[in-house]
Colleague: 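Attaching a single structure in structure tokens format; questions to follow.
The residues of the chain are indexed from 1 along the displayed sequence.
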Amino acid sequence: MNQAGLNPRVVGLAPSATLALSELSAELVAQGRDIYRFGFGQSPFPVPEIVVAALRKHAHEKDYLPVLGLPALRQEVATFLNRFGQPQACAQGVMVGPGSKELMFLLQLCFAGKVLL
């Protein structure tokens with residue numbers, strides 16, 4: 001492959017492990033194996049009706065959410081953590097986001113402490 005114009009930081013990077021797993025799972029499915037794909041947000045499970053109803057109810061809300069996540073949800077996460085072993089947890093120390101890959105990358109890049117995923 002011609003590497004002219006590529007950022008030197010990406011030259012020689014290995015293929016994405018996520019894409020490699022996706023290709024492998026497709027091969028296994030083609031062989032007749034039962035595979036449950038959890039990559040790329042592809043859950044094999046149906047969306048619960050209560051979630052579908054909540055999505056319908058709030059579909060008109062199109063504004064971006066707070067960067068750190070909904071305050072009430074962050075508080076619930078902190079409350080959960082306080083009940084199960086993290087007595088110092090508070091909503092200000094909780095971040096909620098829409099995608100696990102981006103959040104995991106950002107946390108690993110920025111945070112020098114314990115990370116709960």
Colleague: Would you say CD1 of Ile50 has more than 12 non-hydrogen atoms from neighbouring residues, nucleotides or ligands within 6.0 angstrom?
Modeller: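 Incorrect, the count does not exceed 12.
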Colleague: Is there a path of hydrophobic side-chain contacts, each under 4.5 Å between heavy atoms, that joins Val96 and Leu65?
Modeller: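 Yes; tracing contacts between hydrophobic side chains, which count when under 4.5 Å, links both residues.
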Colleague: Kindly list each side-chain donor-acceptor pair under 3.5 angstrom involving residues 70-85, sequence neighbours excluded, with atom names and distances?
Modeller:
{"from": "Arg74", "atom 1": "NE", "to": "Ala91", "atom 2": "O", "distance (Å)": "3.3"}
{"from": "Arg74", "atom 1": "NE", "to": "Val94", "atom 2": "O", "distance (Å)": "2.7"}
{"from": "Arg74", "atom 1": "NH2", "to": "Ala91", "atom 2": "O", "distance (Å)": "2.8"}
{"from": "Arg74", "atom 1": "NH2", "to": "Val94", "atom 2": "O", "distance (Å)": "3.3"}
{"from": "Gln75", "atom 1": "NE2", "to": "Thr79", "atom 2": "OG1", "distance (Å)": "3.3"}
{"from": "Thr79", "atom 1": "OG1", "to": "Gln75", "atom 2": "O", "distance (Å)": "2.9"}
{"from": "Asn82", "atom 1": "OD1", "to": "Ala89", "atom 2": "N", "distance (Å)": "3.2"}
{"from": "Asn82", "atom 1": "ND2", "to": "Ala78", "atom 2": "O", "distance (Å)": "3.1"}
{"from": "Asn82", "atom 1": "ND2", "to": "Ala89", "atom 2": "O", "distance (Å)": "3.1"}

Colleague: Between atom CG of Leu24 and atom CD1 of Ile35, what is the distance when rounded to the nearest 0.5 Å?
Modeller: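 Spacing of CG (Leu24) from CD1 (Ile35) equals 7.5 Å.
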Colleague: The criterion is ring pair (Phe, Tyr, Trp, His ring centres under 6.0 Å); which residues satisfy it with Tyr64, sequence neighbours excluded?
Modeller: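 Partners of Tyr64 under the ring pair (Phe, Tyr, Trp, His ring centres under 6.0 Å) test: none.
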